[in-house]
Amino acid sequence: MPEMPEVETIRRTLVDKVVGRTIRDIDIALPRLIKWPSAGEFKAIVIGKKIIDLKRRGKYLILGLEDKTVIVIHLRMTGRLYYTPAGVQHDKFARIIFNLDNGDIVQYADSRTLGTLYAMPGDELWRISGLAKMGPEPLSEDFTMTYLENGLKKRKGIIKALLLNQQFIGGLGNIYVDECLAIAGIHPARRADSLSEAEVDRLFHAINKVIADGIEHGGTTFRDYRDGTGQSGTHQFHLHVYGRKALPCLKCGAVIEKIETAGRGTHFCPNCQI
DNA sequence: ACAGGAACCTGATAGC
DNA sequence: TGCTATCAGGTTCCTG
């Protein structure tokens, strides 16, 4: 589910509630979600430690604990991570509960159970290859026009697949890729190396704009996504093409089409996106 | 390098 | 109402 704007929103809404708290205990209802180390070792590493900070890299959340230990969480398709006051009913799909020293909880809920959790010393993040190999993020210093231009130039693959590749750009997912290609006026099935200078320029600005807007709107809630307090986002009300199959393009009125590209549902305007 | 498919999983929804 | 098919915001692994 969550792409970078959703994960960033979770981080922002959760950080002040958890920093300074100590993890008193953990209830693990579904041990297989813990990918490193074992569920038992995970508990041993984490219980009793104070939360120092909450960071994000791409779609990964990184909870920093004292003693330089970290908990890393990737929500995949339907993961949620949110703070719940003591006594309030748990999420229907709660899988792992972090019990805090003040009695409140942080629950990891996940209907499809595809999410992944890890705990390790902070200098062992190389164990998580998706994190270690992640490319630069939109809105970051490393993500420059030059980086995008040079990267596109040497790729013969389909632009949509490349933008989804976290090693190329960290944080984009299916919704925001469709959106930035729509804003840039680029057909999702174009070859990456076929983009003109003007198109690369439009794409660069569209990627940053779409991500910034997504964050400003607190993420896109289609179904499962909630922020760090359990609230929905509002960016679903600002989408150009995603989820708008058979509806008129907001720019030209042509009917939005949905095709399959890079193995994913892909929405675009056949008139605006060439 | 790249495309395509399968796998990992479960639940909501659309269609009949 | 109930059964079945389809689809889902992600990532990784395998084959060709």
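What you see is a predicted model, and the numbers here were worked out from it, not measured in a lab.
Residue A:Lys156 places its side chain closer to B:dC2 than to any other of B:dC2, B:dC9, C:dT11. With C:dC7, B:dC9, C:dG9 as the candidates, the nucleotide lying closest to the side chain of A:Thr113 is B:dC9. Among the nucleotides C:dG10, C:dG9, C:dA8, the one closest to the side chain of A:Lys258 is C:dA8. In this structure, of C:dT11, B:dA12, C:dG9, it is C:dG9 that holds the atom nearest to the side chain of A:Glu6. Out of C:dG9, B:dA3, B:dT10, the shortest distance to the side chain of A:Arg95 is found at B:dT10. Of the candidates B:dT10, C:dA8, C:dG10, B:dT10 carries the atom nearest the A:Arg32 side chain, counting heavy atoms from C-beta on. Out of C:dG10, B:dC2, B:dC9, the shortest distance to the side chain of A:Arg112 is found at B:dC9. Nearest nucleotide to the A:Arg155 side chain, out of B:dG11, B:dC2, B:dC9: B:dC2.
One can place CG of A:Leu114 at 9 Å from C1' of C:dT11, the figure rounded to the nearest angstrom. Note: CG (A:Asp224) to C1' (B:dT10) measures 10 Å, nearest angstrom. In this structure, CG of A:Leu30 is placed 8 Å from P of B:dT10, rounded to the nearest angstrom. Between the CD1 atom of A:Ile159 and the C1' atom of B:dA1 there is a distance of 15 Å, rounded to whole Å. Rounded to whole angstrom, the span from the CD atom of A:Gln167 across to the C1' atom of B:dC2 amounts to 13 Å. For the pair A:Lys245 NZ and B:dA14 P, the computed distance is 12 Å after rounding to whole Å. With rounding to whole Å, A:Arg223 atom CZ is found 7 Å from B:dT13 atom C1'. When the P atom of B:dT10 is taken as reference, atom CG of A:Asp110 falls 11 Å away, rounded to whole Å.
The gap from the P atom of C:dG9 to that of B:dA14 amounts to 16 Å, rounded to the nearest Å. Between the P atoms of B:dC9 and C:dC3, the separation comes to 26 Å (whole Å). On the P atoms, C:dT4 is 22 Å away from B:dC8, given to the nearest whole Å.
At least one side-chain nitrogen or oxygen of A:Lys59 sits closer than 4.0 Å to the OP1 or OP2 atom of C:dT11. Contact check, A:Gln166 against C:dT11: a side-chain N or O comes under 4.0 Å of OP1 or OP2. OP1 and OP2 of C:dG10 both lie 4.0 Å or more from every side-chain N or O belonging to A:His74. Neither OP1 nor OP2 of B:dA3 sits under 4.0 Å from any side-chain N or O of A:Lys160. Of the side-chain N and O atoms in A:Arg264, one or more sit less than 4.0 angstrom from OP1 or OP2 of C:dG9.
Two residues are said to be in side-chain contact when any heavy atoms from C-beta on lie closer than 4.5 Å; A:Tyr108 and A:Leu75 meet this criterion. Residues A:Arg56 and A:Ile62 fail the side-chain proximity criterion, which asks for heavy atoms closer than 4.5 Å.
The partner of C:dC14 is B:dG4, judged by Watson-Crick or G-U wobble contacts that both fall below 3.5 Å.
Between A:Asp91 and A:Arg80 a salt bridge is recorded (basic side-chain N to carboxylate O distance below 4.0 Å). Using a 4.0 Å cut-off between charged side-chain N and carboxylate O, A:Arg190 and A:Glu199 make a salt bridge. Of the charged side-chain nitrogens involved, none lies within less than 4.0 Å of a carboxylate oxygen, so that A:Lys153 and A:Glu197 do not count as a salt-bridged pair. Between A:Asp104 and A:Arg21 there is no salt bridge, since no side-chain N of the basic residue sits under 4.0 Å from a carboxylate O of the acidic one. Electrostatic pairing of A:Arg264 and A:Glu260 does not count as a salt bridge here, judged by no charged N lying under 4.0 Å from a carboxylate O.
Backbone-only engagement by A:Ile158 is indicated by non-hydrogen atom pairs under 4.0 Å involving sugar-phosphate atoms exclusively. The residue A:Lys133 sits apart from the nucleic acid: no heavy atom pair falls under 4.0 Å. Here A:Gly263 lies out of heavy-atom contact (under 4.0 Å) with every strand. As judged by a 4.0 angstrom heavy-atom cut-off over every strand, A:Tyr176 is placed among residues making no nucleic acid contact.
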